[in-house]
Chemist: 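Let me begin by handing over the structure; questions about it come next.
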Amino acid sequence: FRKKHQQEKENTTSRSPTTEHVATYYRQLASSDRKQQIAFVQLTEEDVQQLASIRPLFAKHVERIVDAFYDQVGQMPHLRKIIDHHSTIDRLKQTLRAYLMDMVSGEIGDQYVIRRKVIGNVHNRIGLFPEWYLGAYAIIQNEVLHILMEELHPTEATAVYRSFNKLCSFDMQIAIE
Ligand code: HEM
């Protein structure tokens, strides 16, 4: 039983989803009222497939991204105040980890958009201004670039990084609208 349980756990956390699975979700977006936005940031089904394919790599390094993020955010006194008022860095590390793994889940469809909308609303409610919310993506993107350059051939790393940035832009669009 333990072995089966372990396998299931690995399947959901680190294995890449199938091409068909990714396509099913992407089709939802391509036929929704988000289609102009995905066209604008040029997020294609191939981008989502590419991101899904690096899911195991992301699972391996997600801690690094999350640590870099909160090291940097925590250094800004007014941001630190917002965090201490509403949550804790430990708890937020968990939510950011889940957020990042969602980006490489291959499940970029209607529910993904709703999840992003909720996250945008949460930050609005706590009084985090968009310039800080959007600026924080630079921390994530820098760390992701480091990881990709360490793990992949530069050509592949560049391609994945472009896909990742497109999805970041899409997430930003949803969060601040
Ligand atoms: C909550 C992601 C920037 C402070 C959250 C949640 C996620 C998230 C996924 C959980 C939302 C939920 O409960 O459903 C992100 C991302 C960011 C970002 C992707 C930018 C790239 C920031 C920054 C701060 C911050 C710069 C600094 C103050 C908080 C706080 C909460 C929160 C305090 C908890 C709010 C509450 O539960 O009342 N964030 N965050 N976030 N975030 Fe962020």
Side-chain angles (χ1 to χ4, degrees), residues 9 12-14 17 22 25-26 28-29 32 34 37-38 40-43 47-48 50-52 54-150 157-158 160-177:
K9 201 168 155 222
T12 51
T13 55
S14 58
V22 174
Y25 281 90
Y26 188 82
Q28 293 178 355
L29 274 194
S32 74
R34 299 281 167 181
Q37 274 173 297
I38 36 174
F40 187 61
V41 302
Q42 300 183 321
L43 181 75
D47 288 315
V48 184
Q50 191 142 39
L51 289 171
I54 60 140
R55 184 170 173 76
L57 199 156
F58 239 61
K60 184 173 151 199
H61 290 292
V62 72
E63 218 51 50
R64 227 175 102 178
I65 310 171
V66 166
D67 287 347
F69 186 89
Y70 282 104
D71 280 354
Q72 184 70 14
V73 170
Q75 279 177 34
M76 293 308 250
H78 78 288
L79 298 180
R80 186 65 209 225
K81 234 181 178 166
I82 296 179
I83 292 172
D84 293 342
H85 188 68
H86 294 276
S87 189
T88 66
I89 288 197
D90 267 0
R91 232 185 306 150
L92 291 181
K93 280 187 175 180
Q94 269 180 41
T95 52
L96 188 62
R97 216 177 286 132
Y99 174 95
L100 292 165
M101 291 312 294
D102 207 13
M103 296 181 85
V104 292
S105 65
E107 298 182 351
I108 316 293
D110 295 342
Q111 291 302 312
Y112 181 90
V113 170
I114 293 170
R115 288 195 291 279
R116 269 33 188 166
K117 195 80 226 136
V118 170
I119 294 165
N121 291 343
V122 166
H123 291 94
N124 195 26
R125 178 169 52 75
I126 64 174
L128 180 71
F129 292 135
E131 61 263 41
W132 295 99
Y133 185 76
L134 298 184
Y137 275 94
I139 309 165
I140 296 175
Q141 286 165 331
N142 280 339
E143 204 55 37
V144 167
L145 182 59
H146 274 296
I147 292 166
L148 295 175
M149 292 300 279
E150 277 171 28
T158 309
V160 176
Y161 187 60
R162 288 182 63 176
S163 301
F164 183 73
N165 281 352
K166 291 178 190 182
L167 187 56
C168 284
S169 295
F170 183 52
D171 281 11
M172 291 182 211
Q173 287 183 321
I174 303 167
I176 64 163
E177 71 191 10

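We count ligands from 1, going down the list as the structure has it; atoms in each ligand are counted the same way.
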Chemist: Just checking His85: does its NE2 atom have more than 12 heavy atoms from other residues, nucleotides or ligands closer to it than 6.0 angstrom?
Modeler: no
Chemist: What do the steps show when you test Lys60 against Glu150 for salt bridge (Lys or Arg N to Asp or Glu O under 4.0 Å), and what is the final call?
Modeler: CA-CA 13 Å; Lys60 184 173 151 199; Glu150 277 171 28; over 6 Å; no
Chemist: What verdict does the side chain to side chain contact (heavy atoms under 4.5 Å, CB included) test give for Phe164 and Leu148, after you've listed the backbone C-alpha separation in whole Å, the side-chain angles of each residue and the deciding distance to 0.1 Å?
Modeler: CA-CA 11 Å; Phe164 183 73; Leu148 295 175; 5.5 Å; no
Chemist: Give me the pairs of N or O atoms, one from ligand 1 and one from the protein, that sit under 3.5 Å apart.
Modeler:
from, atom 1, to, atom 2, distance (Å)
ligand 1, 39 (N), His123, NE2, 2.8
ligand 1, 40 (N), His123, NE2, 2.9
ligand 1, 41 (N), His123, NE2, 2.9
ligand 1, 42 (N), His123, NE2, 2.9

Chemist: I need the minimum non-hydrogen distance between Asp67 and Lys93, along with the two atoms involved.
Modeler: OD1-NZ, 2.9 Å
Chemist: Check Cys168 against Tyr137 and note the closest heavy-atom contact, atom names and distance.
Modeler: SG-CD2, 3.9 Å
Chemist: For Tyr112, what residues pass the side-chain hydrogen bond (donor to acceptor under 3.5 Å, both in side chains) criterion, not counting sequence neighbours?
Modeler: Arg116, Asp171
